[in-house]
2 protein chains.
Amino acid sequence: MARQVTISEVAKLAGVHASTVSRALNPATRSLVNEKTARRVITAAESLNYFPNIMARGLRTRLSMTIGVIIPDLTNPIFPSIIRGIEGHLAPLGYTTLLADVDGSNALEDSAISSLVQRQVDGLIIATGVEQSSLVKTLSESGLPVVLVNRGASETGYPLVTGDDDMGIRASVEHLHSLGHRNMIHIAGPQSFSTSRGRADAMKRACEGNSMQLRIVEASALTVEQGERVTDALLAEPNRSFTAIQASTDLLALGALRAIRKFGLRCPEDISVSGFNDMPFAEEFSPGLTTVRVPLEEIGIESARQLMRAIKDGPGSPLVVTLPVSLVVRASTAPAST
Amino acid sequence: MARQVTISEVAKLAGVHASTVSRALNPATRSLVNEKTARRVITAAESLNYFPNIMARGLRTRLSMTIGVIIPDLTNPIFPSIIRGIEGHLAPLGYTTLLADVDGSNALEDSAISSLVQRQVDGLIIATGVEQSSLVKTLSESGLPVVLVNRGASETGYPLVTGDDDMGIRASVEHLHSLGHRNMIHIAGPQSFSTSRGRADAMKRACEGNSMQLRIVEASALTVEQGERVTDALLAEPNRSFTAIQASTDLLALGALRAIRKFGLRCPEDISVSGFNDMPFAEEFSPGLTTVRVPLEEIGIESARQLMRAIKDGPGSPLVVTLPVSLVVRASTAPAST
DNA sequence: GTGAAAGCGCTAACAT
DNA sequence: ATGTTAGCGCTTTCAC
């Protein structure tokens with residue numbers, strides 16, 4: 001750590017006591033000190049290139065002005081947008097975010113949580129869908145404000161911010177229905193994720209409502225590879241009867257696209273494919289992916305807002321904030337081949 | 001901040017003095033304390049769910065075990081991979097990364113740097129190509145270890161980790177040459193980025209060496225939109241003579257692809273396009289993008305490694321670490337149309 | 001091998 | 001309006 005200019009050096013230069021420097025430099029207490037003195041202090045601080053030591057301050061104020069963000073996988077393109085929303089909302093408030101990418105591992109998640117807690121974060125935004133982590137219990141006992149994003153662990157008692165999966169799935173299924181599709185596949189994500197479960201359930205309801213045939217297959221991870229794998233299996237079966245695929249995420253849809261191409265079939269002529277999330281560049285794929293646009297950055301912003309509220313007002317009721325989504329029709333869906 | 005179990009509560013429960021707890025819990029000093037006592041302390045700590053307060057410790061040790069990472073834009077898909085490399089290397093060493101996304105703004109970058117410095121980061125990895133930020137001068141005076149990634153600001157005296165742009169451009173140009181292309185466009189990025197300049201220079205050299213005609217156009221930002229805009233302008237000109245485009249980044253190449261499509265031309269039949277970086281999903285685009293694969297995660301790892309070295313050994317010579325890259329040929333390049 | 005005491009840089013009571 | 005004092009939780013001499 002670099003040699004640090006301390007508050008007392010500034011005090012000496014300005015010819016005042018350290019506490020006066022502290023007051024002069026803190027906007028909230030600036031009014032307590034004589035304006036001329038304040039100006040002198042500020043000049044001194046600038047000339048010395050003084051940066052207050054936030055750790056020392058935090059030790060005193062019991063506020064770190066830091067919040068922790070835990071995500072399962074930074075390379076999943078939905079998370080950067082969410083993070084951007086969080087940072088964009090928090091930075092102007094003076095908060096800095098400590099980011100932990102836990103790479104989908106439970107063990108890493110535990111160590112990330114404890115590392116963040118040790119660093120005295122003032123709150124935590126968790127996007128991993130923690131369900132059974134033992135630390136979470138500890139966490140909730142500790143009273144540290146937590147907001148869940150995107151994936152909600154059941155019964156944690158924390159606020160959850162998420163897109164409206166039900167609405168998105170319904171819009172997509174209706175779109176497919178209007179194109180004449182009557183028999184479809186849902187590629188679900190791992191059922192340990194609440195999002196995957198929610199979307200699969202929404203599929204069942206939507207297909208019943210539209211009297212469409214539905215078959216659900218489950219991918220073991222939310223990756224292109226797993227989407228490809230399950231679609232491979234589907235296409236290898238004799239007598240294919242489905243004409244459309246609704247994937248639980250764009251990544252899975254992308255895998256389906258790959259498999260379809262590999263089998264010498266065409267999308268959308270032979271099979272329509274629809275995704276979920278509208279990840280960046282979904283439009284550039286081949287073909288451009290019809291998908292449900294989830295307001296990722298908004299979700300980030302809203303979760304930051306919820307966290308600020310929880311920090312200020314203490315734990316409220318564990319409300320669920322659901323943001324509206326919209327269908328984006330592109331080239332991967334077309335009338336059902338008859 | 002949550003009510004915190006302190007070291008003295010652990011000490012009381014274990015029936016020892018706080019300093020003994022400190023020694024017992026720190027692996028480096030554990031040997032100083034009686035094994036049985038240590039065990040008792042550890043049990044007590046666990047039962048109380050004790051987490052050491054890293055800020056308090058840092059105040060004493062002058063080590064925050066935190067490093068700051070400044071990137072220009074999280075939603076640019078090359079950065080998550082780099083960050084992942086950094087975190088992957090640092091987390092096992094006990095370091096946590098404080099991430100600041102400065103959204104391409106110089107003002108934000110300054111405030112991010114000062115926010116990180118205030119938080120006593122032990123070092124900084126900067127991927128924004130800081131050139132004239134006044135804070136950087138201050139920074140280098142302060143002696144805080146810094147490593148530059150990807151984009152090197154000229155003459156900063158900091159180590160730089162980057163991919164081998166020259167090698168990548170050469171490989172791509174030679175590939176295009178062997179396909180019969182003799183007249184090409186380089187879509188350069190903003191010339192304020194050293195990477196953009198370096199790749200443009202490499203283009204000049206490579207084209208001279210292969211006696212290819214080259215024209216360089218400059219995009220005002222590294223985005224799909226700007227790539228599309230400059231390509232639009234190119235295609236609107238009468239008597240197009242080029243048959244291939246080498247973009248400075250994949251995002252720019254993607255924009256070119258869009259423009260080509262919009263003008264009713266085909267890639268690669270009419271125009272070949274090659275990118276740079278091999279961003280995630282470059283393979284899924286339409287057509288799959290020929291590009292230069294840059295070992296992004298490796299770059300992150302190496303920059304973390306360099307930073308650790310600088311933290312341990314003090315500033316070394318400001319070496320430049322250049323990692324090899326490779327050409328990935330996909331569907332966007334084909335023989336020149338005659 | 002363990003305890004006592006001091007102090008990291010800061011802010012918040014309290015005093016003046 | 002400013003100075004004094006104490007203490008946040010921890011580690012680190014220095015004693016014993």
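So you know, we letter chains A, B, ... as the sequences are listed, proteins then strands, and number each from 1.
Between the C1' atom of C:dC8 and the CE atom of B:Met55 lies a distance of 13 Å, rounded to the nearest Å. When the P atom of D:dT11 is taken as reference, atom CD of A:Gln118 falls 11 Å away, rounded to whole Å. The interatomic distance linking B:Asn53 (CG) with C:dC10 (P) rounds to 16 Å, in whole Å. Atom CZ of A:Arg62 is separated from atom P of C:dG9 by 21 Å (rounded to the nearest Å). D:dG9 atom P lies 18 Å from atom CZ of A:Arg119, rounded to whole Å. Distance, A:Glu9 CD to C:dC10 C1': 14 Å, rounded to whole Å. Between the CZ atom of A:Arg30 and the C1' atom of C:dA12 there is a distance of 18 Å, rounded to whole Å. Here the P atom of nucleotide D:dC8 and the CD atom of A:Gln120 are 14 Å apart, to the nearest Å.
Partner of A:Asn150 under the side chain to side chain contact (heavy atoms under 4.5 Å, CB included) criterion, chosen from A:Ile125, A:Ile78, A:Val294: A:Ile78.
Nucleic acid contact for A:Leu32: base, since at least one base atom lies under 4.0 Å from a heavy atom of the residue.
Judged as a side-chain hydrogen bond (donor to acceptor under 3.5 Å, both in side chains), and not counting sequence neighbours, the contacts of A:Asp101 are B:Arg84. Remark: A:Arg23 pairs with A:Ser19 by the side-chain hydrogen bond (donor to acceptor under 3.5 Å, both in side chains) rule, at least two apart or across chains. Residues satisfying the salt bridge (charged side-chain N to carboxylate O under 4.0 Å, His left out) test with B:Arg30, not counting sequence neighbours, are none. Partners of B:Ser303 according to the side-chain hydrogen bond (donor to acceptor under 3.5 Å, both in side chains) rule, which considers only residues two or more places apart in sequence or in another chain, do not exist here. Scanning for salt bridge (charged side-chain N to carboxylate O under 4.0 Å, His left out) contacts around B:Glu46 gives an empty result, with sequence neighbours left out. The side-chain hydrogen bond (donor to acceptor under 3.5 Å, both in side chains) test applied to B:Thr97 returns B:Glu87, not counting sequence neighbours.
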For nucleotides 12-16 of chain D, which of its nitrogen or oxygen atoms have a protein nitrogen or oxygen under 3.5 Å away, and what is each distance?
none

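Ranked by how close their nearest DNA chain C nucleotide is to the 5' end, B:Arg57 and B:Asn34 are led by B:Asn34.
Every pair passing salt bridge (charged side-chain N to carboxylate O under 4.0 Å, His left out) that includes a residue from residues 297-306 of chain A is listed here, sequence neighbours excluded: A:Glu302-A:Arg305.
Comparing the axis of the opening five pairs of the helix from C:dG1-D:dC16 to C:dT16-D:dA1 with that of the closing five pairs yields an angle of 40°, rounded to 10°.
A donor-acceptor distance shorter than 3.5 angstrom exists from the side chain of B:Ser105 to the backbone of B:Leu108, with no hydrogens or angles considered.
Comparing D:dT2, C:dG1, C:dC10 against the side chain of A:Thr37 picks out D:dT2 as the nearest.
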